[in-house]
Each structure stands twice: as C-alpha cells, then as structure tokens.
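Below is one structure; the comments refer to it alone.
Sequential numbering from 1 along the given sequence is applied to the chain's residues.
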Amino acid sequence: MSRVKLGLPETFNYTTDIRLRVADINYGGHMDNNAVLSLVHEARVRFLESHGYSELDVDGVGVIMVDAVIQYKSEAFYGQTLTFEVAVDGMSRIGCDIFYRITDRDTGREVARAKTGIAFLDYDTRKPKRMPEGFRSLFAAGES
C-alpha cells in the first residue's frame, strides 16, 4: 500500500494552539480524521487574521480552498492542546499552498501534517483573481 508523504517547509513563522473539543473525537476515542481539516481551517483563519486578512478579504479578494492533503502521524485525544505551525509556500499566479505541522503542545510529538491549496477568488464574479501583491511580497520575503 502506498502512503501519502507530505514534505514540510523548513520554516514556520506562525503558531497557534487549539484545544481538542469533544466534537473532534470519534467513537475510537481519538481525534476524528475529519476534525483535522476543520482544525486546520481554524488555524488558517487565525493565521490570516494575524496579518490583517480574512478569507473573504485579502487585499480586496477572497480565498477558496482548492485541495487538501493530510498525513496522520499519531493519535490525539479529548482535552489535548495541539500546536499548529503554519507556513506559506508554492506560490503561483493565483494561489499558494499553506502547510501545517500539528504537534502535541506538551510533548512535541507530531500528530499530523497537512497542506491546503488556496486560490484567490472574486466572490462577486466567482472568477479567479491574481494573488494580491501585498500578500505575495509578505510571504515571498520568507515571512510567514
């Protein structure tokens, strides 16, 4: 069986902690696989907010998720606080990849890795837009 292997950027410049809720836990008693995508969404929203952006307004245009990859590394449990490290990489004309390293805050044990591809979108016209220069220059300079 082949498995997904997700390489990560060397540098992560944004970090946020999220505590697992009961809704994030499945019948096996550990973090549900679908919870990871929801949690990286929360981390992405916080990351954008830390730069004065929202998913609907990055220098006048919105973002939309176009793909996602998740690689599970170990279990996580109710009440555990996870650290989400976030980085931007893989810039193109209309999008980029956002990477996430998810670890147990207390032990540093890696729980998962994820990548979400985003594209810039004009929500009024429903058409792709060029990546805003302010966003590009912020992250092309190596700041995440």
Side-chain angles (χ1 to χ4, degrees), residues 1-59 61-123 126 128-144:
M1 170 177 99
S2 65
R3 296 204 42 205
V4 169
K5 292 184 178 148
L6 181 60
L8 297 175
E10 288 186 27
T11 304
F12 289 83
N13 294 50
Y14 176 79
T15 302
T16 190
D17 290 338
I18 302 173
R19 186 170 183 198
L20 292 181
R21 309 160 306 159
V22 71
D24 300 323
I25 307 304
N26 67 17
Y27 58 86
H30 54 237
M31 181 174 58
D32 201 343
N33 58 4
N34 66 359
V36 176
L37 195 54
S38 177
L39 292 164
V40 299
H41 183 199
E42 176 68 25
R44 182 175 61 251
V45 167
R46 292 179 186 187
F47 166 70
L48 290 170
E49 286 176 349
S50 76
H51 293 286
Y53 298 134
S54 75
E55 290 188 317
L56 294 176
D57 185 9
V58 177
D59 294 333
V61 297
V63 298
I64 189 168
M65 190 171 72
V66 295
D67 63 32
V69 176
I70 300 171
Q71 181 183 12
Y72 303 97
K73 300 295 227 168
S74 63
E75 294 177 297
F77 303 95
Y78 171 72
Q80 196 171 355
T81 299
L82 300 180
T83 297
F84 289 73
E85 296 172 275
V86 182
V88 174
D89 202 4
M91 290 192 189
S92 72
R93 188 177 65 78
I94 63 166
C96 63
D97 293 323
I98 302 180
F99 289 87
Y100 313 82
R101 180 173 32 219
I102 306 163
T103 56
D104 178 302
R105 182 188 65 186
D106 295 330
T107 67
R109 176 180 44 82
E110 190 172 20
V111 172
R113 296 175 174 194
K115 177 197 79 76
T116 56
I118 63 166
F120 292 89
L121 182 75
D122 180 327
Y123 273 91
R126 305 312 245 198
K129 297 298 270 187
R130 185 175 278 282
M131 180 185 295
E133 280 307 312
F135 185 91
R136 179 180 299 282
S137 64
L138 182 63
F139 299 109
E143 181 182 338
S144 298

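- Rounding to the nearest 0.5 Å gives a distance of 8.0 Å between CD of Glu75 and CZ of Arg109.
- Under the 3.5 Å distance criterion, the side-chain polar atoms of Asp122 are left unmatched by any main-chain donor or acceptor of Lys129.
- A distance of 9.0 Å separates CE of Met65 from CD of Glu55, quoted to the nearest 0.5 Å.
- In this structure, the side chain of Arg136 engages the main chain of Ser92 through a donor-acceptor pair within 3.5 Å.
- The backbone N or O of Val63 lies less than 3.5 Å from a partner atom in the side chain of Tyr123, making a donor-acceptor pair.
- Nearest heavy-atom pair across Ile118 and Val66 is N-CG2, 4.1 Å.
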After noting the C-alpha distance and the side-chain angles of Val86 and Ile98, does the key distance pass the side chain to side chain contact (heavy atoms under 4.5 Å, CB included) rule?
CA-CA 7 Å; Val86 182; Ile98 302 180; 3.5 Å; yes

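- A donor-acceptor pair is defined here as one N or O able to donate and one able to accept, closer than 3.5 Å; no such pair exists between the side chain of Arg105 and the backbone of Arg19.
- In this structure, the side chains of Phe12 and Phe99 come closer than 4.5 Å at one or more pairs of heavy atoms.
- The heavy-atom pair separating Ala43 from Ile18 by the smallest distance is N-CD1, 4.2 Å.
- Looking at Leu48 and Tyr14, their side chains never come closer than 4.5 Å, going by heavy atoms from C-beta outward.
- Rounded to the nearest 0.5 Å, atoms CE (Met131) and CG (Asp59) are 11.0 Å apart.
- A donor atom on one side chain and an acceptor atom on the other are not found under 3.5 Å apart for Asp32 and Tyr27.
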Does the ring-ring contact (aromatic ring centres under 6.0 Å, His included) test come out yes or no for Phe139 and Tyr53, once each step is laid out?
CA-CA 13 Å; Phe139 299 109; Tyr53 298 134; 7.4 Å; no

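- With respect to Leu82, the side-chain contact (heavy atoms from CB on, under 4.5 Å) criterion is satisfied by exactly one of Val36, Leu20, Asp106: Leu20.
- In this structure a side-chain-to-backbone donor-acceptor pair under 3.5 Å is present from Arg46 to Asp17.
- Between the side chain of Ser74 and the backbone N or O of Glu110 there is at least one donor-acceptor pair closer than 3.5 Å.
- Residue Phe120 comes nearest to Arg130 through the heavy atom pair CB-O, 4.3 Å, listed as atom of the first residue, atom of the second, then distance.
- Considering Asn33, Leu39, Val40 as possible partners of Leu37, the one that fulfils the side-chain contact (heavy atoms from CB on, under 4.5 Å) test is Val40.
- Looking only at distances, a side-chain donor or acceptor of Gln71 sits under 3.5 Å from a matching main-chain atom of Leu6.
- Closest heavy-atom contact between Pro132 and Val61: CG-CG2, 3.5 Å.
- Listed here is the closest heavy atom pair of Asp97 and Lys115: OD1-NZ, 3.1 Å.
- How far CE of Met31 is from CG of Asn34: 10.5 Å, rounded to the nearest 0.5 Å.
- Looking at Tyr100 and Arg44, their side chains do bring a donor and an acceptor atom within 3.5 Å of each other.
- When all heavy atoms of Ile25 and Tyr78 are compared, the closest pair comes out as CD1-N, 3.3 Å.
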